[in-house]
Chemist: 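Would you mind keeping the following structure in view while I ask a few things?
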There are 2 protein chains.
Amino acid sequence: MARKIGSSSEITGPRIRDAALRLFARHGFAAVSMRQIAAEVGVQAGALYLYTADKQALLFDLMQDHMTDLLCTLQALPQCSDPAAQLDQFARFHIGYHLDRPDAVFIAYMELRSLSPENFAAIESLRRRYETHLQEILSEGAAKGVFTLSDAKMATLALIAMLTGVTNWYREGGRLSRSDVQTLYADMALRAVSGPPI
Amino acid sequence: MARKIGSSSEITGPRIRDAALRLFARHGFAAVSMRQIAAEVGVQAGALYLYTADKQALLFDLMQDHMTDLLCTLQALPQCSDPAAQLDQFARFHIGYHLDRPDAVFIAYMELRSLSPENFAAIESLRRRYETHLQEILSEGAAKGVFTLSDAKMATLALIAMLTGVTNWYREGGRLSRSDVQTLYADMALRAVSGPPI
DNA sequence: GTCTATAAATGGATAGAC
DNA sequence: GTCTATCCATTTATAGAC
């Protein structure tokens with residue numbers, strides 16, 4: 001591949017995405033201007049349009065890449081057959097992954113309403129695939145008598161909301177280590193779907 | 001009180017707040033213009049400034065009134081001494097209250113970042129008082145040996161995140177009744193903090 | 001109390017020089 | 001590939017007529 005003298009195009013693209021991710025997470029998509037993103041990268045606003053069709057495409061690409069990576073990473077986890085171990089693994093994975101990417105996660109949950117209808121449908125589809133993964137763990141566990149569920153779909157959404165909530169308060173270097181938090185949340189999740197029937 | 005002929009000022013104020021609440025919840029604070037709010041009410045943009053100092057004050061008032069009402073309603077609940085019954089009551093209250101006011105709740109959680117620093121501090125203070133209420137239920141229950149907690153603060157935030165998550169999916173007239181959902185979530189919450197130590 | 005009109009600033013996006 | 005300059009639409013907020 002030919003060397004491009006005096007060009008930083010191979011690095012400007014990612015830097016734009018990084019800046020947009022951080023600014024969208026901090027202030028919200030609608031509150032961030034293209035000029036702000038450009039200033040953060042150190043280029044002029046016009047230069048952004050060499051890397052993205054428009055502001056909406058920039059948001060969509062960030063969200064789509066996040067969801068795709070989330071699903072790929074999830075599916076690369078080692079398989080196990082014990083439902084309780086599967087739930088424990090999922091809970092630890094979900095928390096670890098989310099704590100590693102607070103900005104991407106925040107945007108994926110907060111900016112769904114900023115997407116165009118077509119883009120929203122695409123992201124929703126990916127999100128549903130992720131939820132289905134947990135729902136299958138819960139349903140299989142219930143079928144085996146390991147879990148106590150009245151409604152697998154509802155329990156899925158309740159657990160994901162609980163696990164995702166960790167991003168609202170966890171700060172590196174705080175009172176609890178990441179591993180502590182993973183253990184405690186995984187334990188609460190397991191308990192929430194265990195025990196005697198209602 | 002003197003009758004004001006040809007005036008609808010006593011109803012326009014609330015209508016502005018209602019419209020702002022709905023629009024902010026649907027599209028986000030930054031994405032909604034004063035003109036949109038005015039159009040929804042059926043007045044011109046300039047007329048809004050008879051009822052609010054600016055857009056920021058409109059958001060703050062909505063959030064402050066929501067949090068104040070939430071706290072007042074919570075504190076008006078009948079007292080009981082059994083920790084499990086207290087947690088059950090809190091869970092049912094939280095879900096019922098939140099399902100009754102989806103827009104206000106959504107804004108209170110999503111638009112914290114849209115507040116000025118001073119306004120943010122005020123709302124955060126109210127939110128912390130709400131969380132403390134649940135935390136005290138959990139701590140007292142743990143002290144009495146009814147609950148199993150490694151960390152009361154963390155369990156508080158985990159449970160509130162789980163309970164609040166119901167607003168993301170619950171729709172009136174769906175498969176589950178509101179009472180069903182309250183029962184199932186209250187049960188999951190109770191289980192999550194019960195059982196043998198880790 | 002509401003309107004029209006407008007000020008003053010900022011938004012997304014594009015054109016063309018370099 | 002980036003910059004400067006600019007277009008055009010839209011924003012918040014105010015002034016003054018009615």
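Letters A, B, ... mirror the listed sequences (proteins, then strands); counts begin at 1. Note that the structure is predicted; figures quoted are calculated from it, not measured.
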Chemist: What's the CD-P distance between B:Gln36 and C:dG11, to the nearest Å?
Modeler: 17 Å
Chemist: Scan side-chain atoms only and decide if A:Thr183 and A:Asp180 contain a donor-acceptor pair under the 3.5 Å cut-off.
Modeler: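 Distance-only check fails for A:Thr183 and A:Asp180.
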Chemist: Does CD belonging to B:Gln75 count more than 12 external heavy atoms closer than 6.0 Å?
Modeler: yes
Chemist: I need the A:Glu124 CD to A:Arg129 CZ distance, nearest 0.5 Å.
Modeler: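 It comes to 13.5 Å.
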Chemist: Output the single nucleotide from D:dC3, C:dT2, C:dA13 whose closest atom is nearest the side chain of B:Leu50.
Modeler: C:dT2
Chemist: A:Ile11 CD1 to D:dG1 C1': how many Å, rounded?
Modeler: 14 Å
Chemist: Rounded to whole angstroms, how far apart are OH on A:Tyr51 and C1' on C:dA13?
Modeler: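 My rounded result for the distance is 17 Å.
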Chemist: Using whole Å, report how far CD1 of B:Ile16 lies from P of C:dG1.
Modeler: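 Between P of C:dG1 and CD1 of B:Ile16: 11 Å.
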Chemist: Think B:Thr12 has a side-chain N or O under 4.0 angstrom from the OP1 or OP2 of C:dT2?
Modeler: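 Indeed, a polar side-chain atom of B:Thr12 lies that close.
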Chemist: With a 4.0 Å limit, can you tell me whether B:Ser33 has a side-chain N or O closer than that to the phosphate oxygens OP1/OP2 of D:dT11?
Modeler: yes
Chemist: I need the CD1-C1' distance between B:Ile37 and D:dT11, as an integer number of Å.
Modeler: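 Nearest whole value for this atom pair: 12 Å.
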Chemist: Determine the contact category for A:Val41: base if any of its heavy atoms lies under 4.0 Å from a base atom, sugar-phosphate if only primed atoms, P, OP1 or OP2 are that close, otherwise nothing.
Modeler: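 Contact class for A:Val41: none.
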Chemist: Between C:dG11 atom P and A:Gln56 atom CD, what is the distance in whole Å?
Modeler: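 So the CD-P distance, A:Gln56 to C:dG11, works out to 18 Å.
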Chemist: Rounded to the nearest angstrom, tell me the gap between atom CG in A:Leu59 and atom C1' in C:dG12.
Modeler: 15 Å
Chemist: So which nucleotide from D:dA13, C:dA13, D:dC3 ends up closest to the side chain of B:Lys55?
Modeler: D:dA13
Chemist: Any luck finding a side-chain donor-acceptor pair between B:His94 and B:Tyr130 under 3.5 Å?
Modeler: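 Note: B:His94 and B:Tyr130 side chains meet the donor-acceptor criterion.
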Chemist: Measure the distance from CZ on A:Arg35 to P on D:dT4 and round it to the nearest whole Å.
Modeler: 13 Å
Chemist: Taking only the side-chain nitrogens and oxygens of B:Tyr49, find out if one of them lies under 4.0 Å from OP1 or OP2 of C:dC3.
Modeler: no
Chemist: Are B:Asp103 and B:Arg26 close enough for a salt bridge, meaning some N to O gap below 4.0 Å?
Modeler: no
Chemist: Quick one: is A:Gln44 getting a side-chain N or O under 4.0 Å of the D:dT4 phosphate, OP1 or OP2?
Modeler: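 It does, given that an N or O in the side chain of A:Gln44 lies less than 4.0 Å from OP1 or OP2 of D:dT4.
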